[in-house]
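The block underneath contains the structure these notes are about, expressed in structure tokens.
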There are 2 protein chains.
Amino acid sequence: MKARVTVMLRDGVLDPQGEAVRHALGALGFSGVAGVRQGKVIELDLAEGTTRDEVARMCEALLANTVIERYEIEMA
Amino acid sequence: MKARVTVMLRDGVLDPQGEAVRHALGALGFSGVAGVRQGKVIELDLAEGTTRDEVARMCEALLANTVIERYEIEMA
């Protein structure tokens, strides 16, 4: 089974990487890009029967820094 | 309006970052993690009426390296 974890900086945390992308898109002529936030996506190939709780523990332990990041888990 | 772009390495392209995460999860005692792929997610805050085609052009021009990466676009 698969799980997809998306890790984004929390609202209010400065995102210089996203800001650089926004600036670069403007420089390339793409107007109307008001804001960009960049995060990580982690696709996990898991043993059958792995629970969402176990994936949440992986996020808390390693995948996200919950002080400044939030995460979403999609099980598939 | 918002768009979310997910950029992943193509299948067959080595992903040392994902491999490092897989190894670290094992070292932390999470068994049953057979594989990990890590990618980027980019959330764009766009002017109303921006089309999916325009977002695809942003991907081709800047957000993804289509030689080694594939991208998915979700408009919201």
Side-chain angles (χ1 to χ4, degrees), chain A residues 1-11 13 15-65 69-74 76, chain B residues 1-11 13 15 17-65 69-76:
Chain A
M1 64 184 296
K2 301 257 186 190
R4 175 180 279 206
V5 174
T6 306
V7 179
M8 299 295 295
L9 286 168
R10 289 184 188 279
D11 294 341
V13 178
D15 181 359
Q17 198 174 13
E19 191 56 25
V21 170
R22 190 190 63 75
H23 188 79
L25 286 172
L28 287 170
F30 295 104
S31 57
V33 181
V36 179
R37 305 284 284 174
Q38 184 163 339
K40 292 182 288 190
V41 58
I42 300 151
E43 286 183 356
L44 301 160
D45 191 4
L46 298 166
E48 285 306 313
T50 307
T51 61
R52 177 183 289 266
D53 274 2
E54 189 156 9
V55 178
R57 284 203 300 279
M58 293 179 197
C59 292
E60 300 280 340
L62 182 75
L63 304 178
N65 174 354
E69 293 172 327
R70 60 187 163 77
Y71 59 86
E72 292 163 28
I73 299 169
E74 291 163 73
Chain B
M1 63 183 298
K2 302 256 187 192
R4 175 181 279 205
V5 174
T6 306
V7 179
M8 299 296 294
L9 286 168
R10 290 182 187 279
D11 293 341
V13 178
D15 181 0
Q17 198 174 12
E19 191 56 24
V21 170
R22 190 190 63 75
H23 188 81
L25 285 171
L28 287 170
F30 294 104
S31 57
V33 181
V36 179
R37 304 284 285 176
Q38 183 163 340
K40 293 182 289 188
V41 57
I42 300 151
E43 286 184 357
L44 301 160
D45 190 3
L46 297 167
E48 286 304 316
T50 307
T51 61
R52 178 183 288 266
D53 275 0
E54 190 156 7
V55 178
R57 284 202 300 278
M58 294 180 197
C59 292
E60 299 281 339
L62 182 74
L63 303 179
N65 175 354
E69 293 171 328
R70 61 188 162 78
Y71 59 86
E72 291 164 28
I73 299 170
E74 292 164 73
M75 307 294 284

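Protein chains get the first letters and strands the later ones, always in sequence-line order, with residue 1 at the start of each.
- Looking only at distances, no side-chain donor or acceptor of A/Arg4 sits under 3.5 Å from a matching main-chain atom of A/Ile42.
- Here the side chains of B/Val55 and B/Met75 are in contact, with some heavy-atom distance below 4.5 Å.
- Residue with the most contacts toward chain B among A/Lys40, A/Gln38, A/Met58: A/Met58 (heavy-atom pairs, distance under 4.5 Å).
- Listed options B/Val5, B/Leu62, B/Leu63 were ranked by heavy-atom pairs under 4.5 angstrom with chain A; first place goes to B/Leu62.
- Contact check for B/Met8 versus A/Val41: side-chain heavy atoms found under the 4.5 Å cut-off.
- Taking chain A as the reference chain and counting heavy-atom pairs below 4.5 Å, the highest number among B/Gln17, B/Glu48, B/Glu43, B/Lys2 is found for B/Glu43.
- For the options B/Ala3, B/Gly18, B/Ala34, B/Gly39, heavy-atom pairs under 4.5 Å to chain A are most numerous at B/Gly39.
- In this structure, the portions of B/Glu54 lying under 4.5 Å from any heavy atom of chain A include both its backbone and its side chain.
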Just distance, no hydrogens or angles: give the donor-acceptor pairs under 3.5 Å from side chains in residues 19-33 of chain B, sequence neighbours left out.
{"from": "B/Glu19", "atom 1": "OE1", "to": "B/Arg22", "atom 2": "NE", "distance (Å)": "3.4"}
{"from": "B/Glu19", "atom 1": "OE2", "to": "B/Arg22", "atom 2": "NE", "distance (Å)": "3.1"}
{"from": "B/Glu19", "atom 1": "OE2", "to": "B/Arg22", "atom 2": "NH2", "distance (Å)": "2.6"}

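- Here the side chains of A/Glu74 and A/Thr6 are in contact, with some heavy-atom distance below 4.5 Å.
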